[in-house]
Enquirer: 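Okay, handing you the structure first.
Residue numbers run from 1 in the order of the sequence given. Remember, predicted model here, so these are calculated numbers, not experimental data. No hydrogens, no waters, no symmetry mates; every other heavy atom, side chains included, goes into these values.
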Amino acid sequence: MNGEKYCSIRDLEQLETYLNEYVKEEGMFHAEINEEVKEILNFSEEELKSLSAGDLYIASCLVTTYSTYVSYRLGHHNSILKWCVNIINKLVAKQASQYDKYMKYEQKKELIIMEDSFAVKVDQARQHAEYKVEMIKEKLQDLRSYSDRLERLGRIRNYDPSR
């Protein structure tokens, strides 16, 4: 059985278009890639030592704003991942009865995916989205942590400028 009768990759493209339009309509996306953040993320020890409390607060704000952009990208890829998982689950549910009822679900799932060219494409998209979600989550944690550190350093410098 071919999954393309059930759904199509165009649906994934439509999902991406919908997500982009939704974000624009709701005014949720207000941050972009910022070249200044690259510089901030690559500050040397000497550069960090030379920054005033005000400069550190500004740097912290810029990193926080950039993390908003990264959060938006995370949500985008999470939606794609959920769509892929949902489609695969539906395909498996529809075709599971063709296999021995004592066969493990994971085995049925892999066999169904291997036998259906559409399911193979969806599974590849799932793997790609899963990778991006994990990578972005880690980057987001790093950005938030760095922003917090810059702010803390700014507070310390505010009270004791010699530090």
Side-chain angles (χ1 to χ4, degrees), residues 3 7-93 104-106 109-110 113 118-163:
C7 200
S8 73
I9 289 295
R10 278 183 305 206
D11 293 337
L12 178 58
E13 292 165 0
Q14 290 173 345
L15 173 67
E16 290 231 44
T17 302
Y18 168 77
L19 291 171
N20 291 332
E21 289 301 315
Y22 177 77
V23 165
K24 284 179 190 173
E25 288 172 13
E26 295 298 317
M28 293 168 48
F29 180 68
H30 66 276
E32 297 177 351
I33 295 175
N34 185 336
E35 291 300 316
E36 288 178 275
V37 174
K38 280 185 184 178
E39 292 174 29
I40 293 168
L41 295 175
N42 290 312
F43 278 159
S44 68
E45 180 181 348
E46 290 304 313
E47 288 171 310
L48 283 171
K49 286 179 180 178
S50 70
L51 294 173
S52 69
D55 292 338
L56 288 164
Y57 287 135
I58 291 169
S60 174
C61 288
L62 289 172
V63 172
T64 299
T65 302
Y66 181 66
S67 69
T68 301
Y69 168 76
V70 174
S71 293
Y72 159 74
R73 297 304 303 160
L74 177 62
H76 183 86
H77 290 292
N78 245 333
S79 296
I80 293 169
L81 176 61
K82 288 178 182 180
W83 181 87
C84 292
V85 168
N86 185 38
I87 294 299
I88 289 172
N89 287 341
K90 287 179 180 179
L91 289 171
V92 171
K104 290 183 177 182
Y105 174 81
E106 290 78 17
K109 180 177 160 184
E110 291 302 320
I113 289 171
F118 173 69
V120 168
K121 290 177 186 175
V122 172
D123 194 51
Q124 288 171 343
R126 178 199 58 79
Q127 290 172 8
H128 190 69
E130 200 170 73
Y131 166 75
K132 284 187 173 186
V133 165
E134 289 305 312
M135 183 183 70
I136 293 171
K137 277 182 182 177
E138 289 176 19
K139 186 63 175 173
L140 190 56
Q141 287 176 336
D142 292 344
L143 287 169
R144 288 179 176 157
S145 174
Y146 189 59
S147 177
D148 290 344
R149 287 184 187 135
L150 288 171
E151 185 179 343
R152 257 186 262 130
L153 185 57
R155 285 184 186 157
I156 291 169
R157 291 244 172 94
N158 208 16
Y159 292 113
D160 183 6
S162 67
R163 291 178 90 187

Enquirer: So, taking the atom named CG in Leu48 and the one named CG in Leu56, what distance separates them when rounded to the nearest 0.5 Å?
Expert: 7.0 Å
Enquirer: Just jot down the side chain to side chain donor-acceptor pair (under 3.5 Å) partners of Ser44, sequence neighbours excluded, or say none.
Expert: Glu47
Enquirer: Test of understanding: with side chain to side chain contact (heavy atoms under 4.5 Å, CB included), list the residues that count as partners of Gln141, not counting sequence neighbours.
Expert: none
Enquirer: Which residues pass the side chain to side chain donor-acceptor pair (under 3.5 Å) test with Asp55, sequence neighbours left out?
Expert: Ser52
Enquirer: When you check the gap from the basic side-chain N to the acidic O, do Asp142 and Lys139 get nearer than 4.0 Å?
Expert: no
Enquirer: Please tell me if the side chains of Leu143 and Leu41 come closer than 4.5 Å, counting only heavy atoms from C-beta onward.
Expert: yes
Enquirer: Identify, with sequence neighbours excluded, every residue that meets side chain to side chain donor-acceptor pair (under 3.5 Å) alongside Glu39.
Expert: none
Enquirer: About how many Å separate CG of Leu140 and OH of Tyr66, when rounded to the nearest 0.5 Å?
Expert: 10.0 Å
Enquirer: Is the side chain of Ser147 donor-acceptor paired with the backbone N or O of Ser60 at a distance under 3.5 Å, no angle test?
Expert: yes
Enquirer: Please list, chain by chain and in numerical order, all residues satisfying side chain to side chain contact (heavy atoms under 4.5 Å, CB included) with Asn86, sequence neighbours excluded.
Expert: Lys90
Enquirer: Please list, chain by chain and in numerical order, all residues satisfying salt bridge (Lys or Arg N to Asp or Glu O under 4.0 Å) with Arg155, sequence neighbours excluded.
Expert: Glu151
Enquirer: Going by the rule salt bridge (Lys or Arg N to Asp or Glu O under 4.0 Å), which residues pair with Glu45 if we only count those two or more places apart in sequence or in a different chain?
Expert: Lys49
Enquirer: Can you name the residues that form a side chain to side chain contact (heavy atoms under 4.5 Å, CB included) with Glu110, not counting sequence neighbours?
Expert: none
Enquirer: Kindly write out the residues that satisfy side chain to side chain contact (heavy atoms under 4.5 Å, CB included) with Lys82, not counting sequence neighbours, or none if the list is empty.
Expert: none
Enquirer: Which residues pass the salt bridge (Lys or Arg N to Asp or Glu O under 4.0 Å) test with Glu106, not counting sequence neighbours?
Expert: none
Enquirer: Listed by chain and number, what are the side chain to side chain donor-acceptor pair (under 3.5 Å) partners of Asp148, not counting sequence neighbours?
Expert: none
Enquirer: Please check if any side-chain donor atom of Arg144 sits under 3.5 Å from a side-chain acceptor atom of Ser71, or the reverse.
Expert: yes
Enquirer: Report the residues that fulfil salt bridge (Lys or Arg N to Asp or Glu O under 4.0 Å) with Lys38, sequence neighbours left out, ordered by chain and then residue number.
Expert: Glu35
